[in-house]
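Notes for the one structure printed next.
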There are 2 protein chains.
Amino acid sequence: MATPFRMTEQAYLVLLALTAEPLHGYAVIQVVRELSGGRTVLAAATLYGALDRLGAAGLVEPAGESVVDGRLRRYYRITSDGRAAAEAETERLRALAARAQEALRRRPVAQEARRRPAAGGFAAPAGGVA
Amino acid sequence: MATPFRMTEQAYLVLLALTAEPLHGYAVIQVVRELSGGRTVLAAATLYGALDRLGAAGLVEPAGESVVDGRLRRYYRITSDGRAAAEAETERLRALAARAQEALRRRPVAQEARRRPAAGGFAAPAGGVA
DNA sequence: TGCTATATATCGGTGACCGATATGTTAAAC
DNA sequence: GTTTAACATATCGGTCACCGATATATAGCA
């Protein structure tokens, strides 16, 4: 692999947006916004940068053009490699979130340290490291 | 907020690593490696950069020092704000992964386009955009 | 006339990440 | 006895993903 693809969250969202059907760039921005619950609104430069990288990695490919209401639309389609990558990344995130939930459940409330480290000196860590 | 904190995945992992108990930097690297299933191995520069940013945002704070076997250990502790941030980010990831799984389930196999766009001309997108 | 939405694309700055480097201790391998 | 590896800290400098701003163009609304 000439360009080792970095699966950033934005690129991942673009990939996800294309799983249902081919979309043109502007539509990808909107679908990503929905997919992310309104939290991620891709800047145009981010979108086209991500599409370039995804295309170079073979995860996305052009899917034709059309003109609607006098405006050009350039469509993109996810490839089978792209789908596999999206599935793998989804599983990674799911597993990470599950592990995180478990770790957070183990200590529901942060216990406050009662012994402050002596000013300027060394002290045993307040958390009680074994 | 002077420095709007960006919750990157690496910073999130550092936060998660500190949920169980205060840790020193080197230990954070190891716990993150375990938490991420071996996928994320923090570079030292990344760790200290993340700790600085987390500290500036009030999500992590110093928790004393100690010397073990002649080696200095500097401990860090998660704050209640940090725990809240970790919980929020965990929920965001969980929801995203769930939505992604649903989207991917809807079309298990990528359907191949049968109509190629006419060479050099405009064509309706192969995916059948409504 | 101006503003918003749709739709494309690029430039240039910011900043998170990380390889490399530096310093020092402990301990196993050779 | 010297080298290698693990432990433990920290910084420098380069790369690159991200994004605000900008540019171009059409359609519709105030």
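Every chain is numbered from 1 and lettered A, B, ... according to where its sequence line falls, protein lines coming before strand lines.
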Checklist entry - Rounded to the Å, how far apart are B:Arg73 CZ and D:dA10 P? => result 14 Å

Checklist entry - Between CG of A:Leu18 and CZ of A:Arg83, what distance do you get to the nearest 0.5 Å? => result 10.5 Å

Checklist entry - In the 5'-to-3' direction, what one-character label does each nucleotide of nucleotides 24-29 of chain C receive under the scheme B = base within less than 4.0 Å of a protein heavy atom, S = sugar-phosphate only, - = no such atom? => result BBB---

Next on the checklist: Can you measure A:Leu13 atom CG to D:dC18 atom C1' for me and round it to whole angstrom units?
Outcome noted: 13 Å

Checklist entry - Checking all strands, does A:Tyr76 fall into the base, sugar-phosphate, or nothing category for heavy-atom contacts under 4.0 angstrom? => result sugar-phosphate

Checklist entry - Taking atom P of D:dC19 as reference, at what distance in whole Å does atom OH of A:Tyr48 sit? => result 15 Å

Checklist entry - Does A:Arg53 use its side chain to pair, donor to acceptor, with the backbone of A:Arg6 at less than 3.5 Å? => result yes

Checklist entry - How long is the line joining CG of A:Leu72 and P of D:dA25, in whole Å? => result 13 Å

Checklist outcome for this item: Each nucleotide of nucleotides 14-23 of chain C classed B (base within 4.0 Å of a protein heavy atom), S (only sugar-phosphate) or -, in 5' to 3' order, makes -SSSBB----

Item to check | From CA spacing to verdict: side chain to side chain contact (heavy atoms under 4.5 Å, CB included), B:Tyr12, B:Thr90 | outcome: CA-CA 9 Å; B:Tyr12 170 60; B:Thr90 297; 2.6 Å; yes

Item to check | A:Leu59 backbone acceptor or donor facing A:Thr79 side chain under 3.5 Å | outcome: yes

Next on the checklist: Without decimals, in angstroms, what is the distance between B:Asp52 CG and D:dT11 P?
Outcome noted: 7 Å

Checklist entry - Does A:Gln30 put a side-chain nitrogen or oxygen below 4.0 Å from OP1 or OP2 of C:dA7? => result no

Checklist entry - With a 4.5 Å limit on heavy-atom distance, are the side chains of B:Leu96 and A:Arg39 in contact? => result no

Next on the checklist: Would B:Leu15 and B:Met7 count as a side chain to side chain contact (heavy atoms under 4.5 Å, CB included) here? Give the steps.
Outcome noted: CA-CA 10 Å; B:Leu15 223 44; B:Met7 184 63 80; 3.8 Å; yes

Next on the checklist: Rounded to whole Å, please give me the gap between CD1 in B:Ile29 and C1' in D:dA8.
Outcome noted: 9 Å

Next on the checklist: Between P on D:dT26 and OH on A:Tyr26, what's the gap in Å once rounded to a whole number?
Outcome noted: 17 Å

Checklist entry - Within this structure, what is the OH-to-P distance between A:Tyr75 and C:dA7, rounded to whole angstrom? => result 8 Å

Checklist entry - What nucleotide, of D:dT9, C:dA9, C:dT6, holds the atom closest to the side chain of B:Arg74? => result D:dT9

Checklist entry - Does A:Val28 reach the side chain of A:Tyr76, with side-chain heavy atoms less than 4.5 Å apart? => result no

Checklist entry - With side chains defined as the heavy atoms from C-beta onward, is the minimum distance between B:Phe5 and B:Leu54 less than 4.5 Å? => result yes

Item to check | Any B:Glu102 side-chain heavy atom under 4.5 Å of B:Arg106 side chain | outcome: yes

